[in-house]
Colleague: 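Have a look at the structure that comes next, please.
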Amino acid sequence: MERYDINTQKTDISAAVAMKVSAVSIAVNIVLSLIKLFAGLFAKSGAMISDAVHSASDVFSTLVVIIGVKLAGKQPDKEHPYGHERMECVASVILAVVLAATGFGIGMSGIEKIITPEEYDLAVPGALALAAAVVSVVVKELMFHYTKRAAKQINSGALMADAWHHRSDALSSVGSFAGILGARMGAPVLDPLASVIICVFIEKAAVEIFRDAVDKMIDKACDEEQVSQMREVILSTDGVLGIDELKTRLFGSKIYVEVEISMDAAKTLVEAHDTAEAVHDAIESAFPEVKHCMVHVNPDIK
């Protein structure tokens, strides 16, 4: 019961952190998208308008994060005895698809304006668009670090995906700034070209988010460094003579560990159980993201 209460408390804390960050993210994105849309329309900048659409899409993305974190935080039940953590992976996949679609739309719009400029009024953007791009870069980069720090704190893949939405928005604003500046220097075609560059950054972020989510849905093992750290913790436990097998698998934002340890064959069942319990507790204590550690004891008959 005590372990269950601790896990429940950790889940509640993680959900609270995610909700707070998401609320800040939504507020910032709404204000920033309106500022960029106004600047894009007033200063006649297609790149800035594209940037505004990207920021607006982040509001939807954050709502997906909220839903994903809420569902992932549900306690195990009869039909889902291992919990619902993978719902956060589903949220990350949705975010990746939405981000990719947004980037594709922005890129296609820019390409059309470059290929058939006569069908569009490639006006020279005003100075207001430049100012909006600078504000966007600063604000979105700050939001990236704020959200990324929170995502690492609670080990949330969906929140990390949202952080990269902020970073891709900051990068797109850098592209907007370069395009707008170039257009004001006598090359209006650089404005839609900036939209194409923005598309590349967005698609790259989408692929990385999608790949990370899929890894966590197909039981990918932990990285070698983390596995080595687990080995050290296990081998430092009194009574453990060696490790016969150690397997790990990602389960959403959590980790499952299965280990076979070898012990002196002369040890009693009670002693073997106590050692196995000590390994179990040591792993779950040293690695908070480990949801459960299964320990099997083999007799050392050498």
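Being a predicted model, the structure only gives us computed values, none of them experimental.
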Colleague: Tell me if a side-chain donor or acceptor on Ser236 pairs with a main-chain N or O of Glu232 at a distance below 3.5 Å.
Modeller: yes

Colleague: Is the number of heavy atoms from other residues, nucleotides or ligands within 6.0 Å of CE (Met19) greater than 12?
Modeller: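 Result for CE/Met19: enclosed.
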
Colleague: Tell me if a side-chain donor or acceptor on Thr275 pairs with a main-chain N or O of Glu271 at a distance below 3.5 Å.
Modeller: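 Present.
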
Colleague: Going by heavy atoms in the side chains, are Glu141 and Arg167 under 4.5 Å from each other?
Modeller: yes

Colleague: Going by salt bridge (Lys or Arg N to Asp or Glu O under 4.0 Å), name the pairs with one or both residues in residues 143-152, residues two or more places apart or in two chains.
Modeller: none

Colleague: Taking the side chain from Ser285 and the backbone from Ala282, do they hold a donor-acceptor pair closer than 3.5 Å?
Modeller: no

Colleague: State, with a plain yes or no, whether a side-chain heavy atom of Leu159 is found less than 4.5 Å away from one of Ser22.
Modeller: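 Yes; the side chains approach each other to less than 4.5 Å.
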
Colleague: Between Glu284 (side chain) and Cys293 (backbone), is there a donor-acceptor pair under 3.5 Å?
Modeller: yes

Colleague: With side chains defined as the heavy atoms from C-beta onward, is the minimum distance between His166 and Asn29 less than 4.5 Å?
Modeller: yes

Colleague: Please check if the number of heavy atoms outside Phe144 that lie under 6.0 Å from its CZ is greater than 12.
Modeller: yes

Colleague: Would you list the pairs meeting ring pair (Phe, Tyr, Trp, His ring centres under 6.0 Å) in which at least one residue belongs to residues 217-275, sequence neighbours left out?
Modeller: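 Applying ring pair (Phe, Tyr, Trp, His ring centres under 6.0 Å) to every pair that reaches into residues 217-275, excluding sequence neighbours, yields Tyr82-Tyr256, Phe251-Tyr256.
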
Colleague: Go through the structure and list residues passing ring pair (Phe, Tyr, Trp, His ring centres under 6.0 Å) with Phe104, not counting sequence neighbours.
Modeller: none

Colleague: Does CD in Glu245 sit with more than 12 non-hydrogen atoms of other residues, nucleotides or ligands closer than 6.0 Å?
Modeller: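 Atom CD in Glu245 is crowded, with more than 12 foreign heavy atoms closer than 6.0 Å.
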
Colleague: Would you find a donor on one side and an acceptor on the other, under 3.5 Å apart, between the side chain of Ser262 and the backbone of Gly242?
Modeller: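 At least one qualifying donor-acceptor pair exists.
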
Colleague: Please say whether more than 12 non-hydrogen atoms of neighbouring residues, nucleotides or ligands are located less than 6.0 Å from CG in Asp238.
Modeller: no

Colleague: Hey, is the main chain of Ala213 close enough, under 3.5 Å, to the side chain of Ser92 for a donor-acceptor pair?
Modeller: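 Flag not set: sc Ser92 to bb Ala213 has no pair under 3.5 Å.
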
